[in-house]
Protein chains: 2
Amino acid sequence: MNETVGGIGEFGLIEAVTKGYRQGADVLVGPGDDAAVVAVPDGRMVITTDLLIEGRHFRQDWSSAYDVGRKAAAQNLSDLAAMGARPTSLVVGLGVPAALASEWVHELARGLQDEGEPLGVSIVGGDMVQSEKIVVSVTAFGSLEGREPVLRSGARPGDEVAVAGRLGWAEAGYAVLTRGFRSPRAVVEAHRRPLPPYEQGPIAAIAGASAMCDVSDGLLSDLGHIATASQVVIDVRSGALAIPEPLEAVAAATGLDALSFVLTGGDDNALVATFEPADVPPGWTVIGSVAEGNDDRPPGTVTVDGEPYAGATGHAHFRS
Amino acid sequence: MNETVGGIGEFGLIEAVTKGYRQGADVLVGPGDDAAVVAVPDGRMVITTDLLIEGRHFRQDWSSAYDVGRKAAAQNLSDLAAMGARPTSLVVGLGVPAALASEWVHELARGLQDEGEPLGVSIVGGDMVQSEKIVVSVTAFGSLEGREPVLRSGARPGDEVAVAGRLGWAEAGYAVLTRGFRSPRAVVEAHRRPLPPYEQGPIAAIAGASAMCDVSDGLLSDLGHIATASQVVIDVRSGALAIPEPLEAVAAATGLDALSFVLTGGDDNALVATFEPADVPPGWTVIGSVAEGNDDRPPGTVTVDGEPYAGATGHAHFRS
């Protein structure tokens, strides 16, 4: 059975895929109607969306469909955690070539499902259309459970900056893969599938985080978003950033700088937040501090050990 | 100023585009953070998503960016109306070539905004990535305002079938455009931009519609969804379907069948619903009736004047 997407047809494939979706307690109307209906007990829905394009965000020869599904879910669910929310549900828009094996779609769906299921996330709807390149669009929803959302704009001078989750692993994996290697396995796996510290989002919110952000563009770039939105200056202490052994190994093998993986690598979906010093909860590592801007360091500036960082600060996306 | 998407860069373009978005009363946190937060006063969020791909759902030489924006918004907002919901907000994922004029993105955003604004819809977030072909992914949200959602599964024998909105216009426009013509202008415009009867969704729900569906695949195909979900048989009376003059003109010029535009044409985003005979509200035209299935006509069957319809029943999407 090497059935293709085109052979089965849109409706048949949608039916086959959605049959496997388990619907959680938050789902009032699941897939199969014009729209889904999801419960939002506190009357405030948290919403985020991301688009992944084949060749740009993943390659079929580097990542399995299952990994693409996990990654597409992860980067959205991580954005919800960064607001202090508990993820509840998601919808997926899928563009696929007619000649693609239908198994690819089933595996993608399984990855989406497996990433969300431990968090209680249901896949409540979607769309499937024909496309030359594979397109995966995920929009995910979360509940604040009565808490206030943690924005990027709340960092205050005197706050400490702390991270939860991994930094630089996915970037080191990308460096390895682009050079034609498949090891160290830990960083290659990290490129294929992030491990966001979802539970730390609500924990940080409850602890009183003043600002929070998902690290998807790179630590310095995403701290720049907090510094700009909060009109403060942020300094990162490089000595506080652990350089894990696999990153050292990749740096040694490639001639790249291990610290730059940590400071500028995206796609691990760590969380970075600011707290009053007494509020930093367990599970978070303090890596820097927040200060007022001045003439030398205007608001929005991010420094490393008090100095501007010499390298690129993160993904520039469209610029090449 | 012939600036391209790649020249401005992702962050700059997102900032420029979102600056023009007006945020309505339902928006608690708008664009610019990790996620948006939207109020859902009755605690139930209605959610729908659609993916449009250049070359498949629109062509740059047939539709302006503004029209693509209106159409992308319309087909999602119409799905919300088909649940009986009032649309409140949407997010948009956009894949664009680096060489695309940034003006195209601004015009798309203007179209999205203009389609939703009369309904009070705010654009609360999005994503923008690089892509060879243009990809527009819209996910839209609505409020039931305390009403129950109108599903596809509630049609009962003895109900009448009624429609609100136009049928066959977009299909006639497509027939004209594929033959290299640009008139009649009314049907070409209808292909570029549907005019869904949004307000009739909540009106039908309040009137007691037993089932409702957005006509996006074609009347017979979408009635098939209601017939299957409700386990009933639906008969359409062709004499009850008005054939508008522009459709007759296209049929005469192309040799196609005007009634087939009405029965099988998609993309006008009319609404079709079932009601107890006394409940059909003003603004709706009765076109058929609901009956029990039997051995000759098993549940899920849709007939025209009591007979199976000879032509194709609607878009088959992946099959070609």
Side-chain angles (χ1 to χ4, degrees), chain A residues 5-6 8-11 28-29 32-53 56-57 79-80 82-83 85 91-95 98 124-127 129-133 135 137 139 141-142 144 149 151-152 212-214 229 316-320, chain B residues 5-6 8-11 28-29 32-53 56-57 79-80 82-83 85 91-95 98 124-127 129-133 135 137 139 141-142 144 149 151-152 212-214 229 316-320:
Chain A
V5 168
I8 293 183
E10 177 197 16
F11 291 126
L28 304 176
V29 176
D33 218 297
D34 290 282
V37 185
V38 172
V40 196
D42 80 350
R44 297 170 305 162
M45 183 69 114
V46 186
I47 301 166
T48 185
T49 192
D50 269 314
L51 197 56
L52 277 76
I53 311 253
R56 188 107 204 134
H57 300 98
D79 278 329
L80 300 173
M83 300 295 278
V91 295
V92 55
L94 189 55
V124 297
D127 187 22
V129 301
Q130 200 169 325
S131 170
E132 279 172 47
K133 299 267 177 155
V135 175
S137 164
T139 307
F141 312 103
L144 289 164
L151 306 182
R152 297 175 174 185
M212 185 155 48
C213 189
D214 165 55
H317 299 273
F318 279 98
R319 300 183 198 274
S320 51
Chain B
V5 168
I8 293 182
E10 176 197 14
F11 292 126
L28 304 176
V29 176
D33 217 295
D34 289 281
V37 185
V38 172
V40 196
D42 80 351
R44 298 170 305 164
M45 182 68 112
V46 186
I47 302 165
T48 185
T49 192
D50 269 314
L51 198 56
L52 277 75
I53 312 253
R56 188 108 203 133
H57 301 97
D79 278 328
L80 300 174
M83 301 294 280
V91 295
V92 54
L94 190 56
V124 297
D127 187 22
V129 301
Q130 200 168 325
S131 170
E132 278 171 48
K133 298 269 176 151
V135 175
S137 164
T139 307
F141 312 104
L144 289 165
L151 306 182
R152 298 176 173 184
M212 185 155 48
C213 189
D214 165 56
H317 298 273
F318 280 99
R319 300 183 197 273
S320 52

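Chain letters run A, B, ... following the sequence lines, proteins first and then strands; every chain starts at 1. Worth saying up front: this structure is predicted, and the values here are computed from it rather than measured. Any value given below was found using the heavy atoms of this structure, including those in side chains, with hydrogens, waters and symmetry copies removed.
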Point to revise | Any donor-acceptor pair under 3.5 Å from A/Asp79 side chain to B/Ala35 backbone | key: no
Review point. Judged by atom type as modelled, is there a donor-acceptor pair below 3.5 Å linking the side chain of B/Asp127 to the main-chain atoms of A/Leu51?
Key: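 Present.
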Check your understanding: Quick one: side-chain hydrogen bond (donor to acceptor under 3.5 Å, both in side chains) partners of A/Thr139, sequence neighbours excluded?
Key -> A/Thr49, B/Thr139
Practice item. Give, as side chain, backbone, both or neither, the part of A/Ile47 having an atom under 4.5 angstrom from any heavy atom of chain B. Key: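 For A/Ile47, heavy atoms of backbone and side chain both lie under 4.5 Å from chain B.
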Contact part of [X] toward chain A, heavy-atom cut-off under 4.5 Å: side chain, backbone, both or neither?
X: B/Leu144; result: side chain
X: B/Val38; result: both
X: B/Leu151; result: both
X: B/Ile53; result: side chain

Can you tell me which of [options] forms the most heavy-atom pairs within a distance under 4.5 Å of chain A?
options: B/Leu28, B/Val29, B/Val92, B/Asp50; result: B/Asp50
options: B/Asp33, B/Val135, B/Val91, B/Val46; result: B/Asp33
options: B/Val124, B/Thr48, B/Asp42; result: B/Thr48

Review point. For the residue pair A/Met212 and B/Asp34, what are the closest heavy atoms and their distance?
Key: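 That closest heavy-atom pairing would be O-OD2, 3.4 Å.
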Review point. Heavy atoms, side chains only, cut-off 4.5 Å: are B/Val40 and A/Arg44 in contact?
Key: no
Exercise for review: Could you tell me whether the side chain of A/Val129 reaches within less than 4.5 Å of the side chain of B/His57, counting heavy atoms only?
Suggested key: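 Contact flag for B/His57/A/Val129 side chains = yes.
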